Amino acid sequence: MRDTPLTPSFFPLHPLGWVLASFAVLLLVVLALAWMLAGWLAKPYRQQIGAAPAALGAVDVEIASAPGVVRGWYAPGKPGEGAVLLLHGVRADRRAMLPRALALQARGQAVLLIDLPAHGESDGDMLSFGPREGLGIAQALAWLQAQQPTEKVGVVGVSLGGASLLMAELQQAPDAVVLEGVFPTMRAAVDSRVRAALGPLAPLARIATPLLLWQMPLRLGVDPQRLRPIDRLRSLRMPVLVAGGTEDRYTTEAETRQMAEAATDAPHQLWLVPGAAHEDLYQIAPQAYEAKVLAFLREHLQTH
């Protein structure tokens, strides 16, 4: 008589069992990839910046904030011309705003360019896509207003910089705001970026987007449902200019229009740049930018 083997040479699972097991393995792989991707997205963007270009005539500044020291460049302007805080987008630093700063300074306006928290040379252990960046922005704006107590102060915020400004608790509101390529909600921002990355597999964003969003409370202690810059935009009272590109896949033309329409309690303007994607609008259309954005700032900041 032959002995029955104690263990089978192969797992005699039912076909349905194999399907469920394969699905479980696939799910674990997807969760692991989503977790690693979210970790990369929240990773600080460190850069060595160095001294300000001589043409800017700026000094290095360090501003204390809750996430740590915010570092940047400050250049004073001429009396009566106003001052502008310049806020770059995600995974960039103050140098991205240098061409705007030079153009504003040529018009006599004071400028403050900062690295957002967890960007460039500013402190911060992770990107939060609004809340922590907003803490640094609030302190930087208060610092500039203290430096220029008799001047009107405006802000130019690009993408994450503009969204973080809207989500910040400001001690004193600015006198004019320019928002470039600013997403209306965190869900919309994540979904559009996932769809752009997936390309022909964009329908899978229905799965990928929630997998990325559910991690935010775990990693950052932030509920993504509360990250809605568009809601804060509705409460603004100062003049607002909302700008974006007609070919922007990250903040679509429809979303840019939605942002402008939300500024119902403020004098607002909408500027759509034909053919522009989610990129530097000043670099794409410098003459139109100066005629539209810089003229808007001069109109609302100049006091003589």
Side-chain angles (χ1 to χ4, degrees), residues 34 37-43 45 86-93 96-97 100 116 118-119 126-134 137 155-167 177-213 215-216 220 222 224-233 240-263 270-285 288-289 293:
L37 176 58
W40 177 83
L41 291 174
K43 184 179 180 180
Y45 181 79
L86 296 163
L87 306 171
H88 60 78
V90 69
R91 300 200 174 277
D93 56 62
M97 306 303 286
R100 291 171 177 79
L116 298 182
H119 289 77
M126 67 177 62
L127 278 62
S128 71
F129 305 100
R132 297 186 185 186
E133 292 84 358
I137 289 171
V155 183
V156 177
V158 175
S159 191
L160 176 62
S164 301
L165 171 71
L166 292 177
M167 288 185 273
V177 170
V178 177
L179 303 172
E180 301 181 28
V182 175
F183 54 85
T185 67
M186 177 54 66
R187 173 171 287 277
V190 172
D191 190 66
S192 62
R193 284 155 177 78
V194 168
R195 290 180 180 276
L198 290 176
L201 299 177
L204 292 178
R206 296 178 182 178
I207 299 173
T209 296
L211 287 177
L212 290 174
L213 290 173
Q215 299 177 51
M216 292 193 70
L220 307 174
V222 175
Q225 300 300 327
R226 301 181 63 180
L227 300 183
R228 297 178 54 85
I230 191 169
D231 292 344
R232 303 296 291 273
L233 183 55
V240 179
L241 190 156
V242 178
T246 60
E247 303 303 318
D248 193 336
R249 295 188 298 167
Y250 294 157
T251 301
T252 65
E253 177 180 343
E255 290 172 342
T256 299
R257 291 183 180 277
Q258 185 183 9
M259 290 289 283
E261 292 168 359
L270 170 65
W271 181 43
L272 290 168
V273 181
H278 198 75
E279 53 194 321
D280 191 324
L281 298 181
Y282 185 68
Q283 183 179 20
I284 294 299
Y289 191 99
V293 178

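The first residue in the sequence is number 1, and the count goes up from there. Predicted, not measured: the structure shown is a model, and the values here were computed from it.
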*Indicate yes or no: at least one non-hydrogen side-chain atom of E253 is less than 4.5 angstrom from one of R257.*
yes
_CG on L272 to CG on L281, rounded to 0.5 Å_ = 10.0 Å
*asked:* For R226, give me all partners under side chain to side chain donor-acceptor pair (under 3.5 Å), at least two apart in sequence or on another chain.
replied: none
*Heavy-atom side-chain contact between D248 and T256 under 4.5 Å*: no
*Quick one: are P131 and L227 in side-chain contact, heavy atoms under 4.5 Å?*
yes
*Take the angle between the ring planes of Y250 and H278 and call it parallel below 30°, perpendicular above 60°, tilted in between.*
perpendicular
*Any side-chain heavy-atom pair from L233 and L179 closer than 4.5 angstrom?*
yes
*Note, H88 side chain near R100 side chain (heavy atom, < 4.5 Å)*: no
*Only counting residues at least two apart or in another chain, list the ones meeting side-chain contact (heavy atoms from CB on, under 4.5 Å) with R187.*
T185, T209, L213, Q225
*Could you check if a side-chain atom of M167 sits within less than 4.5 angstrom of a side-chain atom of E133, using non-hydrogen atoms only?*
no
*Closest approach of A285 and V273, non-hydrogen atoms and distance?*
CB-CG1, 4.2 Å
_Within-4.5 Å side-chain heavy-atom neighbours: L116 and L87_ = yes
*Is it true that a side-chain atom of T252 and a backbone atom of R249 form a donor plus acceptor pair closer than 3.5 Å?*
no
*asked:* Pair L160, H119 - check side-chain contact (heavy atoms from CB on, under 4.5 Å), show working.
replied: CA-CA 11 Å; L160 176 62; H119 289 77; 4.1 Å; yes
